[in-house]
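Taking it in order: structure first as structure tokens, then the write-up.
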Protein chains: 2
Amino acid sequence: MADGLEEERDDLAAMIVPLGRALMAAEVPILREHGLAMWAYGVLLGLSEEPVRTQSALAKAIGADKTRIIGVLDDLQERGLIRRTPDPADRRARLLSLTPEGRRLRDSAQAAIRRSEDELLAHLPPDERRAFVRALKTLSVLPWPDPAGPQT
Amino acid sequence: MADGLEEERDDLAAMIVPLGRALMAAEVPILREHGLAMWAYGVLLGLSEEPVRTQSALAKAIGADKTRIIGVLDDLQERGLIRRTPDPADRRARLLSLTPEGRRLRDSAQAAIRRSEDELLAHLPPDERRAFVRALKTLSVLPWPDPAGPQT
DNA sequence: TATTGTTATACTCTATAACTATA
DNA sequence: TATAGTTATAGAGTATAACAATA
């Protein structure tokens, strides 16, 4: 990459994937303390952004199959953390939204996770830490080719 | 983290895990051109470091179950990419090593993957790119708590 | 008794197919 | 005809159990 001598390193994926797994594994016990499983947390995060979404839109947004999250939604609704409102404009669809309790739980869980992440990031010098997070933000929003191929 | 105002961002895991998935997905077609599946490539990488390893040591090193890689090893051996030498010091164990062809294939596949990764990293300004890779190296080597809990 | 390599089995997760009701 | 939500089924991937050989 015309970058002069580059230090030797493992493949990017070989470093990032295990790191991601470890990060997820570290979230599990934190989420469990909040009574949340990973997908449930993902749903709460996915519902943070307005406007409200339908179930399939949410599924696509959080990278899940639409059938995958149904049980999760059932449970969250039963616990009063989300609402499923019939869409007056399309009687097939159900609009999802967080209840105040859902919002509180999401905030509380996310705060705990952030604290745990900060411990991890503390291993990096401050400027490197900022660059790392900035780079992550940039790379995570890149348009990746759809694994399933362009929609027919 | 005594860091002044920090910009808003998604959870680390929420950025890193999809990035890792995308990186892996990008590797698949490259590896297939080399006649390799993901685990096969992982095995070749895991055998890069001397001294030679036993099957269970390799499995642990690359984060696989020892039963998981047996079929992979069978195939790689049949194709002349690795050797399974009986350990003279322990007749239960089989020492693994790359053949010259295995080494060549690994190098060729890895070079192609690096080129693809460089395209990705080109989205980052040079100094940020260097900091990102350096941070990744640091974080990926941290001692994470064993998901299975400390060995009994 | 523990460990290496192996096979067969069970389990977990996810995607696919099929259905109803709407559009 | 196509889509939203749902259920039931099938598939992929992985781990667990059990075994023979050796330590």
Side-chain angles (χ1 to χ4, degrees), chain A residues 17-18 20-21 24-25 27-28 31-32 36-43 46-47 51-78 82-97 146-149 151-152, chain B residues 17-18 20-21 24-25 27-28 31-32 36-43 46-47 51-78 82-97 146-149 151-152:
Chain A
V17 171
R21 275 200 239 281
M24 267 217 293
E27 285 190 6
V28 170
L31 291 175
R32 198 179 39 218
L36 290 173
M38 189 59 68
W39 277 116
Y41 180 59
V43 164
L47 292 179
V52 290
R53 291 175 155 140
T54 64
Q55 294 186 191
S56 10
L58 171 66
K60 178 178 263 190
I62 65 176
D65 192 275
K66 66 174 178 171
T67 67
R68 178 70 191 76
I69 61 170
I70 291 182
V72 179
L73 296 175
D74 289 344
D75 178 63
L76 291 175
Q77 183 180 30
E78 209 167 312
I82 66 169
R83 272 183 299 260
R84 283 205 267 206
T85 322
D87 183 348
D90 182 344
R91 297 213 315 250
R92 294 171 303 179
R94 317 176 67 172
L95 300 177
L96 302 169
S97 56
D146 191 329
Q151 195 72 331
T152 314
Chain B
V17 171
R21 276 200 240 278
M24 267 218 293
E27 286 191 4
V28 170
L31 290 176
R32 198 177 41 219
L36 291 173
M38 189 58 71
W39 277 115
Y41 180 59
V43 163
L47 291 180
V52 288
R53 291 172 153 140
T54 65
Q55 292 186 192
S56 9
L58 171 67
K60 178 178 264 188
I62 65 177
D65 193 274
K66 65 174 181 172
T67 68
R68 179 69 190 77
I69 61 170
I70 290 181
V72 180
L73 296 176
D74 289 344
D75 179 62
L76 291 176
Q77 184 180 30
E78 212 168 309
I82 65 168
R83 271 183 299 259
R84 283 204 268 207
T85 322
D87 183 349
D90 182 344
R91 297 213 315 247
R92 294 171 304 182
R94 317 176 68 173
L95 299 177
L96 302 170
S97 56
D146 190 330
Q151 196 71 330
T152 316

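Letters A, B, ... are given to chains in the order of the sequence lines, protein chains preceding strands, and every chain is numbered from 1.
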Exercise for review: Rounded to the nearest angstrom, tell me the gap between atom CD1 in Ile62(A) and atom C1' in dT14(C).
Suggested key: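 Distance, rounded to whole Å: 14 Å.
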Point to revise | Nucleotide dT4(C), atom P - distance to CG of Leu96(B) in whole Å | key: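 My rounded result for the distance is 13 Å.
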Review point. Sequence neighbours excluded, which residues qualify as salt bridge (charged side-chain N to carboxylate O under 4.0 Å, His left out) partners of Arg83(A)?
Key: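 Applying salt bridge (charged side-chain N to carboxylate O under 4.0 Å, His left out) to Arg83(A) gives none.
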**Study point:** Partners meeting salt bridge (charged side-chain N to carboxylate O under 4.0 Å, His left out) with Asp65(B) (sequence neighbours left out)
**Key:**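 If we apply the salt bridge (charged side-chain N to carboxylate O under 4.0 Å, His left out) test to Asp65(B), skipping adjacent residues, there are no hits.
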Exercise for review: With sequence neighbours excluded, tell me which residues meet side chain to side chain contact (heavy atoms under 4.5 Å, CB included) with Ala61(B).
Suggested key: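 With sequence neighbours excluded, Ala61(B) shows a side chain to side chain contact (heavy atoms under 4.5 Å, CB included) to Arg53(B), given in chain and number order.
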Check your understanding: Closest nucleotide of DNA chain C for Thr54(B) versus for Arg92(A): which of these residues is on the 5' side?
Key ->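 Final value for this comparison: Thr54(B).
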By side-chain hydrogen bond (donor to acceptor under 3.5 Å, both in side chains) - contacts of [X] (at least two apart):
| X | value |
| --- | --- |
| Arg91(A) | none |
| Arg68(A) | none |
| Asp87(B) | none |

Practice item. Look at all strands and tell whether Asp87(A) reaches a base, only sugar-phosphate, or nothing, counting heavy atoms closer than 4.0 Å. Key: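 The answer is nothing, as Asp87(A) stays clear of every strand by at least 4.0 Å.
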Check your understanding: Within the structure shown, what part of the strands sits under 4.0 Å from Asp65(A) by heavy-atom distance: base, sugar-phosphate, or nothing?
Key ->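 Here Asp65(A) touches the bases of the nucleic acid.
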Taking only N/O atoms, report every protein-nucleotides 6-13 of chain C pair under 3.5 Å with atom names and distance.
{"unit_1": "dT6(C)", "atom_1": "OP1", "unit_2": "Arg94(B)", "atom_2": "NH1", "d": "2.3"}
{"unit_1": "dT6(C)", "atom_1": "OP2", "unit_2": "Gln55(B)", "atom_2": "OE1", "d": "3.0"}
{"unit_1": "dT6(C)", "atom_1": "OP2", "unit_2": "Gln55(B)", "atom_2": "NE2", "d": "2.6"}
{"unit_1": "dT6(C)", "atom_1": "OP2", "unit_2": "Arg84(B)", "atom_2": "NH1", "d": "3.3"}

Show me the donor-acceptor pairs, under 3.5 Å and distance only, between side chains in residues 70-78 of chain B and residues at least two apart or in other chains.
{"unit_1": "Asp74(B)", "atom_1": "OD1", "unit_2": "Arg84(B)", "atom_2": "NH2", "d": "2.3"}
{"unit_1": "Asp75(B)", "atom_1": "OD2", "unit_2": "Arg79(B)", "atom_2": "NH1", "d": "3.2"}
{"unit_1": "Gln77(B)", "atom_1": "OE1", "unit_2": "Arg84(B)", "atom_2": "NE", "d": "3.1"}
{"unit_1": "Gln77(B)", "atom_1": "OE1", "unit_2": "Arg84(B)", "atom_2": "NH2", "d": "3.2"}

**Study point:** Test item: Leu96(A) and Val43(A) side chains (from C-beta on) under 4.5 Å apart, heavy atoms
**Key:**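 They are not in side-chain contact.
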Review point. How would you give the extent of chain B contacts on DNA chain D, as first and last nucleotide 5' to 3' within a 4.0 Å heavy-atom cut-off?
Key: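 Range of nucleotides touched by chain B: dT14(D) to dA23(D).
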